[in-house]
Amino acid sequence: MRTAYKERIAGRLTLVTSLIILVVFGVIYLVANLTVVNSIDRELGLEIDKHKDEIFLVNGKIQFLHKDEWQEMEHSQIQLNPIFIEIVDLEGHSMDRSPNLRSNHLSFSPEKSAKKEAWTLRIGANEVRQMQIPLFNAGEHEGYLLLAKSFEDSRELLNNLRTVLLLLYPGVLLSLFLAMRYLAGKSIQPIRQIISKTNQITQSNLNERVPLAEPNDEIGQLTRSINELLERLEASLNREKQFTSDASHELRTPLSVLRGTLEVLVRKPRTSEEYQEKIQTALSSIDRMSATIDQLLALAREEKGKFSTKEELELITFLEEISDQMAKEQRRKITFRCESGVPVFVKANEKSLEMIMTNLIQNAVKYSSPESEILVKTGLKSGLPYIEICDDGSGIAPEHLERIFDPFFREQAAVDRLIPGTGLGLAIVKKLAQESGIRISVSSEKGQGSTFRMDFPHS
Ligand code: ADP
């Protein structure tokens, strides 16, 4: 069964409060009980003090100081708060008692007389508090004076108090639960608004945001987090859309060239030189498409974590080999320089690092003049390995430095100078570097050259 959040909050708070109220009500009842009993006991004490000097047992006979007072109404009738008196000998045999006791006797407990302590008992239909003191004559212990006071009124008061508290308890709990449920409902109202707004947001209106009601509380923070998440989602979706449209565009251009070339060819018979030339154009369009598809696949493959296994790699040997190999392939002067006196070890995936290096060296070759030299450097900075690939080629405009790692981004100058490329190389480099935890940065000046730098993490 699903319980609404506000009911759960109200339920838990009510449970805790119910325990606290139970304790409070219990304490109220106990304090009232204690106060009432103490007050009766005090009165009993006073009463017993009043009578103890007026009664003497002389040779087993009772003698009163003021017998007339003993005949008073208060000891003869059952009044509102009657006082019951009985005099007993040492064995507890009744010698005399107040008429209001009728045929009843008070209880005889000699052990309680020394401490002058009171206790509750029933006499007939009456509940009373009784006290008892020894009676002496000329230093001789001759009997006991038993004195009791009705507890009926106090009992009634205590019973009423208990009934009121017991009736109040469920009422208080119910009103507490309802009040807390209402307040909890009010407090989660902003969350309901967030839920309803986020439910309305789909791919088609991802630009909408949840309105911020209270900027500084937790709900404000939640709203901000949801809005930031939406922002990231929107940006990622836009990037994806851009990527798809760029990829289609990149493939459509060589396809159109291919189609145009073939259409021209079939229009009428051509000389074999013309066929050769047009087929050559068609082939380079196909090459361009293949290169784009290969790089798209490289991006996709990397996403599946193909290069995730890492092994220990010594950079000096690795870079020397790759520089030599690339120098031969590209027919360019590529110099390798080691700035560390000791071997430089990194934990990386060799294939991945090879792909990064190939892309960066290829770019350095493409975007610099054929006579210029390319420098590959490695070393340790604060104990951490780095690699730099420096060229003194065309350089990159400062406003493009951030964007060169975006898929399909190419500087207009590269397009205008008909330098072959798809704009995917650095996107692949960035993804591979991220996968290996390598930080990649670039410093460049237009017309002066560029340096791509890789900083390796602690291995
Ligand atoms: P591509 O080289 O296929 O165009 P990249 O992703 O490798 O794609 O590079 C993106 C863009 O960054 C290039 O088009 C170019 O404008 C610029 N770029 C990359 N490397 C260099 C470099 N070494 N010198 C100058 N510009 C560069």
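Keep in mind that this is a model prediction, so the values were computed, not measured. We number each residue from 1, following the sequence as shown.
The side-chain tip of Arg453 points at the ring of Tyr386 from less than 6.0 angstrom away and within 45° of straight on.
Taking 4.0 Å as the cut-off between side-chain N and carboxylate O, Glu234 and Lys241 do not count as a salt-bridged pair. Salt-bridge annotation for Glu7 and Arg181: present, with a side-chain N of the basic residue lying under 4.0 Å from a carboxylate O of the acidic one. A salt bridge is absent between Lys381 and Asp455; no separation between the charged side-chain nitrogens and carboxylate oxygens falls under 4.0 Å. In this structure, Glu43 does not pair ionically with Arg129, as no charged nitrogen and carboxylate oxygen lie closer than 4.0 Å. Lys116 and Asp49 are joined by a salt bridge, as a carboxylate oxygen and a charged side-chain nitrogen come within less than 4.0 angstrom of each other. No salt bridge links Arg155 with Glu152; every basic N to acidic carboxylate O contact stays at or beyond 4.0 Å. Here Arg209 pairs with Glu231 in a salt bridge; the nearest charged N to carboxylate O distance falls below 4.0 Å.
Looking at Glu86 and Ser94, their side chains do bring a donor and an acceptor atom within 3.5 Å of each other. In the model, Arg192 has a side-chain atom that pairs as donor or acceptor with a side-chain atom of Gln189 under 3.5 Å. With hydrogens and angles left out, the side-chain atoms of Glu388 and Thr451 include no donor and acceptor closer than 3.5 Å.
Checked against Tyr144 for a side chain to side chain contact (heavy atoms under 4.5 Å, CB included), the options Leu106, Leu90, Ile87 give a single hit: Leu90. Met454 pairs in a side chain to side chain contact (heavy atoms under 4.5 Å, CB included) with only one of the listed residues (Ile387, Val346, Thr378), which is Ile387.
Judged by distance alone, the side chain of Asn349 and the main-chain N or O of Thr309 form a donor-acceptor pair under 3.5 Å.
Judged as a side chain to side chain donor-acceptor pair (under 3.5 Å), and not counting sequence neighbours, Glu320 has no contacts. Residues meeting the salt bridge (charged side-chain N to carboxylate O under 4.0 Å, His left out) test with Lys112, sequence neighbours left out: none. Evaluation of the salt bridge (charged side-chain N to carboxylate O under 4.0 Å, His left out) rule for Asp406 yields no partner, not counting sequence neighbours. The salt bridge (charged side-chain N to carboxylate O under 4.0 Å, His left out) search around Glu339 returns Arg337, Lys377, not counting sequence neighbours. Judged as a side chain to side chain donor-acceptor pair (under 3.5 Å), and not counting sequence neighbours, the contacts of Gln412 are Asp416.
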When you look at His93 and Phe108, which way does the ring-ring contact (aromatic ring centres under 6.0 Å, His included) test go after all the steps?
CA-CA 9 Å; His93 299 129; Phe108 174 60; 8.8 Å; no
Between Thr202 and Asn205, does the side chain to side chain donor-acceptor pair (under 3.5 Å) criterion hold? Intermediate values first, please.
CA-CA 6 Å; Thr202 60; Asn205 60 344; 3.2 Å; yes
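Residues in residues 212-248 take part in these ring pair (Phe, Tyr, Trp, His ring centres under 6.0 Å) pairs, two or more places apart or across chains: Phe243-Phe408.
Ile194 CD1 to Thr223 OG1: the interatomic distance, rounded to the nearest 0.5 Å, is 3.5 Å.
The number of heavy-atom neighbours closer than 6.0 Å to CD of Glu140, taken from other residues, nucleotides and ligands shown, is 12 or below. More than 12 heavy atoms of other residues, nucleotides or ligands sit less than 6.0 Å from atom NZ of Lys446. Dense packing is recorded around CD of Gln200, with more than 12 heavy atoms of other residues, nucleotides or ligands lying under 6.0 Å away. The number of heavy-atom neighbours closer than 6.0 Å to CD of Glu399, taken from other residues, nucleotides and ligands shown, is above 12.
Between Phe136 and His141, the angle of the ring planes lies from 30° to 60°, which puts this pair in the tilted group.
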